[in-house]
Amino acid sequence: MRGGTHNGAVRSHAIIWLAGIMVVALAVSIAALPRLERTFMLQAGERSEATLRLAVQGLEGALRRYEPLPALIAERPVLRDLLRDPDNADLRTRINEELRRTADDVAASDVYLMDRSGLTLVASNHHKELSFVGRSFYYRPYFTEALAGGIGRYFALGTTSGERGYFFAAPVFEGQTVLGVVAVKFTVDAFEDAWRAGDTDIIVSDANDVIFMSNRADWHFRTLSPLSDRALDEITTNRQYPLDELHPLDLERTPIAGRISRVEIATDAGAQSFVTSATPIAETGWNVAILTPTAPARAQALATLAVLVLVILFAGLIAAVFIQRRARLVERLEAQRATQELLERRVAERTADLNTANSKLRGEIEERKATEQRLRATQAELVQAGKLAALGQMSAALSHEFNQPLAAVKTYADNAAAFLDRGRTEDARDNVGRISQMADRMAAISRHLRNFARRPQQKIGPVPLVAVIDDALGLMAARLKAARADVAFDRPADEIWVMGGHVRLQQVIVNLLGNALDAMDQSDDRRIALAIEEEEGRCRIMVRDHGPGLDADLHEKVFDPFFTTKSPGKGLGLGLSISYNIIRDFGGSLSARNHREGGAVFTVDLARTAAPDQAAHTPQTVAAE
């Protein structure tokens, strides 16, 4: 009876313990779920900002491409001839066809000419059923701005075509007199089609909070806030949007961190939750926002929470088992006091248990060794992934750098043709010279990318240090420009030769410049100082940023693999470690310190060497490492 009563008490104690653990797990779940959701939503918002930057760059590129076109077209003498003689049918026919070809060449939706009253005389869509010819656009702000002698800009829904588009307009001058206005329109459907391919939603709103672009057609012309009477009067007067579709979007915004927020949007299918962040386009007054569904972040939070609860329950179960076993052991010890033989048997049983535990422990040790080997393999894969990601980021920036010279080449070529038609050969020669400069620029960018992408060899030899730094600066030019950072490089008059490999040394300089940019991400003073010092057969390259500097307790860890102070998603912590080992392979050293006036200084120390024989080492040989 006494043993049964004791066993029942033990079981009751274990049940109470398990119930307490379940209560604790429930309390942890209730407290931790909102924090986990917020953390994963913040990570999702930070990841989506890269897509947001690409969308903004695409819009800004289109605006820069089309903005100079009306002024260039307005310089054609034939347009002034038509404005002076608007009833000339042959001239109308000729200009209609010229404008159609121009619209096709520049990929514009419409190009058209209006007189001072706003009446369209000729248009690139003259052959279409919904032609602009004969229609008046006096009420459009872009017309009135151009008629006043300026450059007109405006986004609106076409009253004739029913297509949304952005309009640029420029005056047609005769001396100081404005005879008429040339307008160019490009549509935005291509941007929205590209946005639909992603997992996020993008909206573009104007200064009145009207959504005029989005990959979701049901959000077109919805408003993010109620329109004021002044805004409604302006939209009505300019016929900018259809008034019957200007309904507020039912949304509720909750800030998360910085410019990242959570919004709940009510739709016909029910409420939808998003993580959003926005970037303004200052020159147009637009606001571009990206919305990422929160469902994946919530699923991650629930999965993490489930793992945490399971761990707590498992730990509680182990504790309950331990308590129960301890109680039973006490019961056995009390019984063993009566006889030494029973005590020895119990000791033998416990010894057997310990042997079993030791066997399990040895198995766990072997399993941990196997896990460690898998971890090393995974780390190697992460290093390779980091390199590929850096090359992909660099390629995207260089692709953007190619688009600008190509657009400029097109504009200069059209301009040169116009100057030749007018007999202005010197102006045409100047434009051809500019085209040559743009071609040289694109060739230089291509050469830098080709050299950086080449697989480096392991051998080392004399390399031209100044040329390597110039190549690295060329590769980083796009990122430096995007970050609005300046590089002060006191370039030596003569070339300096050091021991190393061209491609790998170039990679080190690129890593140090990129690390300096990351360090100054939150700094207003974005200057990078790059200097070269020579002393007793050694050469030191010093890269200084104007960021917050290195923390004293983290100073010794900056070159450790996978160590990084960046936020999640901003880097693997491999750049400095890879650079450190590359310089060590060259027989040099890489060190870091804080500058006395602020910021961090990274110093590369390499051995100087004599210049190679020029006949034996051509530039192609040196560049190929």
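When reading the values below, keep in mind they use all heavy atoms of this one structure, side chains included, and skip hydrogens, waters and symmetry mates.
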Task: Nearest heavy atoms of Ala472 and Val510, plus distance in Å - done: CB-CG2, 3.9 Å
Task: CG-OG1 distance between Asn125 and Thr160, expressed to the nearest 0.5 angstrom - done: 8.5 Å
- [ ] Could you grab the distance from atom CG of Leu52 to atom OG1 of Thr279, nearest 0.5 Å is fine?
- [x] 4.0 Å
TODO: Run the salt-bridge test on Arg222 and Asp250 with the 4.0 Å N-O cut-off and return the result as yes or no.
DONE: no
Open item on the list: Between Arg153 and Glu283, does any side-chain N to carboxylate O distance fall below 4.0 Å?
Closed with: no
Task: Side-chain heavy-atom pair Leu291, Ile265 within 4.5 angstrom cut-off - done: yes
Task: Residues Arg101, Asp105: salt bridge by 4.0 Å N-O rule - done: no
- [ ] Tell me whether the guanidinium CZ or amine NZ of Arg239 lies under 6.0 angstrom from the six-membered ring centre of Tyr139 and within 45° of its axis.
- [x] yes
Open item on the list: To the nearest 0.5 Å, what is the distance between CE on Met476 and CG on Leu512?
Closed with: 10.0 Å
Task: No-hydrogen, no-angle side-chain donor-acceptor test under 3.5 Å, Asn208 and Tyr241 - done: no
Task: Distance (rounded to the nearest 0.5 Å) between Asp471 CG and Gln506 CD - done: 5.0 Å
Open item on the list: Among Asp81, Ile95, Leu82, Leu99, which residue satisfies the side chain to side chain contact (heavy atoms under 4.5 Å, CB included) criterion with Arg76?
Closed with: Leu99
Open item on the list: Between Met520 and Ile528, is there a side-chain heavy-atom distance shorter than 4.5 Å?
Closed with: yes
Open item on the list: Quick check: do Val288 and Met213 have side-chain heavy atoms less than 4.5 Å from each other?
Closed with: no
Task: From OH (Tyr166) to CZ (Phe155), nearest 0.5 Å - done: 9.5 Å
Open item on the list: So, applying ring-ring contact (aromatic ring centres under 6.0 Å, His included) with Phe167, which one of Phe132, Tyr142, Tyr66 is it?
Closed with: Tyr142
Task: Cationic N near anionic O, under 4.0 Å, Asp193 to Arg196 - done: yes
Task: Heavy-atom check, side chain of Pro293 versus side chain of Gln272, under 4.5 Å - done: no
TODO: Taking atom types as modelled, find out whether Lys185 and Ser161 have a side-chain donor-acceptor pair closer than 3.5 angstrom.
DONE: yes
